[in-house]
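Right, one structure below, let's go through it.
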Amino acid sequence: SKGGPKRLLIMMSNTGGGHKASAEAIRDAFREKHGDEYQIDIVDMWKDYTPWPFNKIPDTYSFLVKHSILWRMSYEMTQPKWFHVPYLAFVGVFMRSGMHRAFDKYQPDSVVSVHPLMQHVPLGVLKQRIHSGAMKPVNFSTVVTDFTTCHNTWFHTSATRCFVPTEECRGLARQNGLVDKQLIQRGLPIRPLFARGLPNRRAMRRRLGLDPGLPAILLVGGGEGMGALEATVSKLGQELGPIAQVVVICGRNKRLFDKLSTSPPPGGMPVKATGFVNNIHEWMGACDCIITKAGPGTIAEALISGLPILLNGNVPCQEEGNIPFVIQNGVGTFETDPAKIASIIRSWVSGHPEEQEAFAKMAQRSKELGRPKAVYEIMEDLKQLTDEPDFEFGPARAALRTQLATSKSS
Ligand code: UDP
């Protein structure tokens with residue numbers, strides 16, 4: 001593609017909302033800073049480039065995470081290399097032709113993965129294409145979108161770079177054989193909207209039609225709609241009455257939305273329910289704390305917004321590490337019981353002076369831990385890897401090794 005924009009292919013799969021959100025965040029940062037110098041193609045490799053029945057695997061994800069024992073088995077079983085390498089090689093037999101089609105179609109100058117299952121197969125195909133001359137040498141980068149409990153399939157030694165958000169994640173990358181020169185530690189790539197800053201919370205409450213003077217609690221029940229949300233709202237109503245208000249983001253949970261819209265809890269606590277929103281940064285900017293499941297994207301966004309976090313559930317396995325991450329950093333806590341959640345929230349927004357002081361400290365630490373600029377830093381790193389590919393690591397080097405070996409032997 002001489003003369004035209006440089007092209008980055010971001011491979012993701014829509015298991016949960018976070019991977020797609022990360023891919024879009026990187027794309028938006030490119031657009032904002034570099035306009036149409038770069039064309040970013042985001043492709044759902046499983047759904048759009050994998051034949052049946054393998055393209056149905058991501059759909060089983062929501063089912064599996066709801067039946068945690070099944071998810072835990074699949075997750076743990078695939079952790080060791082001796083299992084997932086041959087397993088992905090097998091799946092790769094069926095995915096390979098789709099991968100070739102995607103690379104032919106998008107002609108990437110650089111390839112990026114934001115999904116734990118998008119290393120082994122694409123890297124194998126890239127090595128082969130570069131080796132055969134079907135494709136010029138390009139870099140391959142993995143952007144890990146989990147904080148601390150990251151599955152081993154995130155880490156592949158043939159990746160040019162691996163972006164890790166935390167020290168823990170760096171440690172896992174090292175354990176999996178990546179060296180420090182391959183690792184870049186930034187943070188999670190969160191939508192640039194979060195980096196822009198907003199008017200203060202009172203002004204934001206007014207803007208969103210909330211009572212500007214009342215403390216506001218954000219309850220996110222989006223995505224897979226986890227947690228006992230109805231019960232939580234009702235307990236909050238009992239505990240707080242008219243001294244606070246609650247915003248409930250129901251996401252795709254239509255039933256919850258209808259229920260809350262038609263019958264608010266007794267006791268006079270104002271409740272504002274919404275479906276899926278595209279301005280969650282504004283709602284976070286308007287509220288004083290958040291109740292959410294332990295999704296890495298939502299946690300990172302809450303940190304940027306300076307919110308204390310009450311985690312009320314988690315996807316088994318990959319989100320488990322987010323609980324100690326929140327607690328040990330002093331930015332929140334974990335509780336699943338609606339009555340206990342309500343009493344914690346009361347202590348946060350209307351407790352004794354020392355409780356309120358602790359709450360203010362949590363908010364401050366949260367803000368300090370937030371990484372609004374990470375997405376721009378990651379974008380600039382990816383830009384550089386596209387403009388001046390680094391062949392010390394990555395699929396091109398692996399392909400070159402094969403080339404040298406074959407030329408020596410012939
Ligand atoms: N989200 C949103 N609007 C909503 C509900 C959720 O934009 O109404 C976004 C949320 O801000 C976050 C993502 O969906 O960026 C969820 O990602 P997370 O990593 O928290 O959890 P996942 O869904 O991947 O398990």
Side-chain angles (χ1 to χ4, degrees), residues 1-2 4-28 30-31 36-61 84-85 87-145 153-154 156 158-163 189 378-379 382-383 385-386 389 394-399 402:
S1 59
K2 281 196 194 76
K6 297 217 170 88
R7 300 184 71 167
L8 280 87
L9 175 61
I10 306 185
M11 298 185 294
M12 58 103 189
S13 174
N14 219 350
T15 46
H19 302 295
K20 182 156 177 253
S22 301
E24 290 174 350
I26 295 168
R27 179 196 61 199
D28 293 350
F30 263 104
R31 277 195 191 148
D36 39 13
E37 280 174 65
Y38 294 85
Q39 179 179 329
I40 317 296
D41 298 299
I42 299 175
V43 179
D44 187 331
M45 289 304 301
W46 281 103
K47 202 168 123 268
D48 296 338
Y49 285 92
T50 305
W52 184 90
F54 297 95
N55 63 349
K56 296 293 170 205
I57 292 175
D59 294 340
T60 61
Y61 174 77
H84 71 242
V85 170
Y87 173 73
L88 287 168
F90 168 75
V91 177
V93 170
F94 302 93
M95 287 189 78
R96 210 167 282 150
S97 73
M99 289 274 170
H100 280 288
R101 257 190 302 127
F103 289 132
D104 280 334
K105 175 164 177 203
Y106 294 103
Q107 300 282 320
D109 297 299
S110 194
V111 180
V112 180
S113 159
V114 293
H115 197 275
L117 290 177
M118 287 295 144
Q119 275 54 243
H120 299 69
V121 184
L123 275 167
V125 170
L126 275 175
K127 277 183 224 172
Q128 190 197 331
R129 287 174 73 87
I130 295 169
H131 177 63
S132 71
M135 198 164 153
K136 67 169 186 188
V138 295
N139 281 173
F140 179 99
S141 308
T142 302
V143 180
V144 180
T145 66
T153 53
W154 275 111
H156 197 295
S158 291
T160 315
R161 290 288 183 281
C162 179
F163 290 82
I378 293 169
M379 178 273 289
L382 291 173
K383 174 181 178 297
L385 288 164
T386 311
R397 174 181 144 138
T402 331

Residues passing the side-chain contact (heavy atoms from CB on, under 4.5 Å) test with Thr60, sequence neighbours excluded, are Ile57, Leu64
From Leu8 atom CG to Asp109 atom CG, the distance as rounded to the nearest 0.5 Å: 7.5 Å
Taking all non-hydrogen atoms of both residues, which atom of Gly98 and which atom of Met45 are closest, and how far apart? O-CE, 4.5 Å
In Å, rounded to the nearest 0.5 Å, how long is the span from CD of Gln107 to CE of Met135? 7.5 Å
Looking only at heavy atoms, the pair that brings Ala159 and Thr142 closest together is CB-OG1, 4.1 Å
Using the salt bridge (Lys or Arg N to Asp or Glu O under 4.0 Å) criterion, which residues pair with Asp59? Sequence neighbours excluded. none
So do the side chains of Ile130 and Pro395 get within less than 4.5 Å of each other, counting heavy atoms only? yes
Checking the side chain of Thr160 only, and the main-chain atoms of Phe140 only, is there a donor and an acceptor separated by less than 3.5 Å? yes
Qualifying residues under side chain to side chain donor-acceptor pair (under 3.5 Å), relative to Arg129, sequence neighbours excluded: His100, Asp104
Taking salt bridge (charged side-chain N to carboxylate O under 4.0 Å, His left out) as the cut-off, I'd like each qualifying pair that reaches into residues 110-123, sequence neighbours left out, listed once. none
Just wondering, do Asp36 and Pro5 contact through their side chains at under 4.5 Å, heavy atoms? no
Run Asn14 and Lys47 through side chain to side chain contact (heavy atoms under 4.5 Å, CB included) and show every step you take. CA-CA 8 Å; Asn14 219 350; Lys47 202 168 123 268; over 6 Å; no
I would like to know whether Ile42 and Met12 meet side chain to side chain contact (heavy atoms under 4.5 Å, CB included); could you show each step before the answer? CA-CA 7 Å; Ile42 299 175; Met12 58 103 189; 3.8 Å; yes
So Ile26 and Ile40, side chain to side chain contact (heavy atoms under 4.5 Å, CB included) or not? Walk me through it. CA-CA 9 Å; Ile26 295 168; Ile40 317 296; 5.6 Å; no
Taking side-chain contact (heavy atoms from CB on, under 4.5 Å) as the test, write out the residues that go with Ala21, two or more places apart. none
Could I get the full list of side-chain contact (heavy atoms from CB on, under 4.5 Å) partners for Pro116, not counting sequence neighbours? His19, Thr153, Trp154
Atom CZ in Arg27, atom CD in Gln39: separation rounded to 0.5 Å? 11.5 Å
So how far is it from Leu382 CG to Ser141 OG, rounded to the nearest 0.5 Å? 5.0 Å
To the nearest 0.5 Å, atom CE of Met11 lies from atom CG of Asp44 at 11.5 Å
What residues, two or more places apart in sequence or in another chain, satisfy side chain to side chain donor-acceptor pair (under 3.5 Å) together with Ser113? Gln119
A side-chain contact here means heavy atoms from C-beta on lying under 4.5 Å apart; do Trp46 and Thr15 qualify? no
Look up atom CZ in Phe103 and atom CD in Gln128, then write down how far apart they are to the nearest 0.5 Å. 11.0 Å
Sequence neighbours excluded - salt bridge (charged side-chain N to carboxylate O under 4.0 Å, His left out) pairs with any residue from residues 116-128: none
side-chain contact (heavy atoms from CB on, under 4.5 Å) with Asn55: which residues, sequence neighbours excluded? Thr50, Trp52
Taking salt bridge (charged side-chain N to carboxylate O under 4.0 Å, His left out) as the cut-off, I'd like each qualifying pair that reaches into residues 14-25, sequence neighbours left out, listed once. Lys20-Glu24
Hey, does Cys162 have a side-chain heavy atom less than 4.5 Å from the side chain of Val144? yes
Are there more than 12 heavy atoms of other residues, nucleotides or ligands under 6.0 Å from atom OH of Tyr87? no
With His156, which residues qualify under side chain to side chain donor-acceptor pair (under 3.5 Å), at least two apart? none
Sequence-distant partners of Tyr38, ring-ring contact (aromatic ring centres under 6.0 Å, His included), two or more places apart: Phe30, His34
Identify the two heavy atoms, one from Val125 and one from Arg96, that lie closest to each other, and give their separation to 0.1 Å. CG2-CG, 3.4 Å
So, does Arg7 use its side chain to make a donor-acceptor pair with the main chain of Tyr106 at under 3.5 Å? yes
